[in-house]
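Below is one structure, written out as structure tokens, with a few remarks after it.
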Amino acid sequence: MKKNDQVNKKTATVALVFMLATIMWLVINIVWVLHDGCVRNLVLPVLFMLAGVWMFYREFHKKKRKHVEDVKKYIR
């Protein structure tokens, strides 16, 4: 598969960093929940972690974009 050819490396890196940071935040909150027992403190970290995973997944499953010159020949 050639899906990795059209990946924007900067956007993929930002998505990966965001996903890893939110996973670390979730792990820290899980440790706090195990210590304190307040499960509702996990809602926000779980939502952010899901957003990070979605961003990273979406970055690698983009549709291939057509080059401007290829599209112009169909318009004329």
Side-chain angles (χ1 to χ4, degrees):
M1 235 183 236
K2 294 196 173 213
K3 285 196 174 206
N4 291 338
D5 290 342
Q6 72 254 11
V7 172
N8 185 344
K9 291 181 182 180
K10 290 179 186 177
T11 309
T13 304
V14 169
L16 179 64
V17 168
F18 181 77
M19 183 180 71
L20 293 175
T22 55
I23 289 172
M24 288 188 321
W25 184 37
L26 178 64
V27 169
I28 290 169
N29 279 299
I30 288 173
V31 170
W32 285 348
V33 165
L34 293 175
H35 185 267
D36 295 338
C38 187
V39 179
R40 65 186 163 145
N41 290 337
L42 286 179
V43 174
L44 194 60
V46 168
L47 291 176
F48 272 91
M49 193 257 326
L50 290 174
V53 170
W54 179 75
M55 283 172 44
F56 191 69
Y57 174 82
R58 185 168 166 98
E59 185 60 36
F60 283 97
H61 290 87
K62 284 184 175 178
K63 290 182 180 178
K64 185 176 181 183
R65 294 191 174 113
K66 296 180 181 176
H67 195 272
V68 175
E69 296 300 321
D70 295 334
V71 175
K72 281 184 181 178
K73 66 182 177 183
Y74 294 111
I75 295 174
R76 295 180 192 176

Hphob cluster co-occupancy, V14 + L20, side-chain heavy atoms under 4.5 angstrom: no
Intermediate values then yes/no, side chain to side chain contact (heavy atoms under 4.5 Å, CB included), H35 and V31: CA-CA 6 Å; H35 185 267; V31 170; 5.6 Å; no
Single-linkage hydrophobic cluster, 4.5 Å side-chain cutoff, V46 and M19 together: yes
Parallel, tilted or perpendicular: ring planes of F48 versus F18, cut at 30 and 60 degrees: tilted
Joint cluster assignment, V33 & L50, ILVMFWY side-chain distance < 4.5 Å: yes
Distance (rounded to the nearest 0.5 Å) between T22 OG1 and L47 CG: 11.0 Å
Connected via hydrophobic side-chain network under 4.5 Å: V43 and M24: no
Value rounded to 0.5 Å, distance of CG in L42 from CE in M49: 10.0 Å
Side-chain heavy-atom pair L26, I30 within 4.5 angstrom cut-off: yes
Cluster overlap I23 with L16, hydrophobic side-chain contacts below 4.5 Å: yes
